[in-house]
Protein chains: 2
Amino acid sequence: MNVNSAFAIIAEPNRRAILGLLAQSERSVGDIERALRMPQPSVSKHLRVLREAGFVEARIDAQRRLYRIRPEPLREVDAWLAPFRRFWSAHLDALERHLDRMEEAPRRRKGRKR
Amino acid sequence: MNVNSAFAIIAEPNRRAILGLLAQSERSVGDIERALRMPQPSVSKHLRVLREAGFVEARIDAQRRLYRIRPEPLREVDAWLAPFRRFWSAHLDALERHLDRMEEAPRRRKGRKR
DNA sequence: TCATTATATACTACTATAGGTATATGCCCG
DNA sequence: CGGGCATATACCTATAGTAGTATATAATGA
């Protein structure tokens with residue numbers, strides 16, 4: 001599987017973790033390294049992949065590079081999801097009512113499926 | 001990379017194509033095979049991966065299996081995107097004008113003005 | 001029953017990628 | 001200018017996953 005589509009890029013859990021961090025704020029490589037407890041070369045390599053795929057961009061601050069999100073590729077993913085949303089948004093109201101009822105109702109049986 | 005997360009499953013382009021088809025309607029293996037011009041074993045194998053990951057379920061109709069979408073795993077993906085939406089929703093109006101010009105919108109988003 | 005259609009699985013080979021380790025590059029400051 | 005910090009890259013290895021081919025299973029209808 002080639003890492004060329006946005007989907008392949010975010011298939012890697014560490015990269016998703018990095019993106020999750022950067023969603024909060026700009027961070028240096030060292031910040032990420034410490035926050036995620038990953039070896040530095042690993043962080044740099046994942047950042048390279050993310051950068052080349054357009055998910056992040058770097059800004060130089062002395063010896064550090066501050067990385068931040070670039071949203072475009074994630075928007076692609078979001079767009080791809082569009083045709084599927086009807087599977088849940090259509091029934092969202094009914095589902096919400098259902099969940100509301102379950103939450104407030106006393107438990108009648110345990111071990112519900114799914 | 002283990003194919004255990006929803007993200008790894010949809011990293012494979014053929015699987016996304018299959019899901020795209022099934023988003024429209026239930027289909028048999030043969031339908032998919034013809035629509036996507038893929039070898040039948042390949043279709044079956046991808047469907048197996050999708051099924052075991054909860055993206056699709058099969059219903060038996062004589063010798064055929066009719067596959068259809070199960071939305072849960074895709075909702076996970078949708079949920080993961082939440083923290084990133086602020087990066088583009090702020091500029092959504094401009095984005096929509098842009099998209100209107102590029103592709104055309106098959107479905108108008110409701111209540112969004114420009 | 002047999003032939004045919006529909007789908008699944010087994011097996012092999014290839015390739016891409018992630019992790020680990022070592023080292024290189026580059027910048028700052030004393 | 002040299003030492004130390006921050007980051008990047010090169011190299012190697014292991015492994016997961018896909019495609020391809022052949023074959024198995026199962027249901028149908030003649």
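Labels below follow one simple rule: chain letters A, B, ... track the order of the sequence lines, proteins then strands, and each chain is numbered from 1. All values below come from the heavy atoms of this structure, side chains included, with hydrogens, waters and symmetry mates left out.
A cation-pi arrangement, defined by a distance under 6.0 Å to the six-membered ring centre and an angle within 45 degrees of its axis, is present between B:R16 and A:F7.
Summary of the strand contacts: A:I60 and B:S28 both lie near DNA chain C, and taking for each the nucleotide with the nearest heavy atom, the more 5' one is attributed to B:S28. Each of A:D61 and A:P41 has a nearest nucleotide on DNA chain C; the 5'-most of these lies closest to A:P41.
Judged by distance alone with a 3.5 Å cut-off, no donor-acceptor contact links the side chain of A:E12 to the base of C:dA18. Scanning atom types as modelled, one donor and one acceptor separated by under 3.5 angstrom connect the side chain of A:Q40 and the base of D:dA8. Counting atom types as modelled, B:K45 pairs no side-chain N or O with a base atom of D:dG17 as donor and acceptor under 3.5 Å.
In this structure, A:S42 reaches the C:dG19 phosphate: one of its side-chain N or O atoms is under 4.0 Å from OP1 or OP2. Taking 4.0 angstrom as the limit, B:R64 places none of its side-chain polar atoms (N or O) nearer than this to OP1 or OP2 of D:dT28. Remark: A:R65 is in phosphate contact with D:dA8, judged by side-chain N or O atoms under 4.0 Å from OP1 or OP2. Side-chain nitrogen and oxygen atoms of A:R48 include none within less than 4.0 Å of the OP1 or OP2 phosphate oxygen of D:dT7. For the pair A:H46 and C:dT17, the criterion of a side-chain N or O lying under 4.0 Å from OP1 or OP2 is not met. The side chain of B:Y67 contributes an N or O atom lying less than 4.0 Å from OP1 or OP2 of C:dA8.
When the P atom of D:dT18 is taken as reference, atom CZ of A:F7 falls 16 Å away, rounded to whole Å. If you take CZ of B:R16 and C1' of D:dT18, they are 15 Å apart, rounded to a whole angstrom.
In the set D:dA8, C:dT7, D:dT28, D:dT28 carries the atom at the smallest distance from any side-chain atom of B:Q63.
For the side-chain contact (heavy atoms from CB on, under 4.5 Å) with B:L50, the lone residue among B:L22, B:I69, B:L19 that qualifies is B:L19.
Contact annotation: the side chain of A:V77 never approaches that of B:I10 to less than 4.5 Å [non-hydrogen atoms, C-beta and beyond]. No side-chain heavy atom of A:D31 sits under 4.5 Å from any side-chain heavy atom of A:L21.
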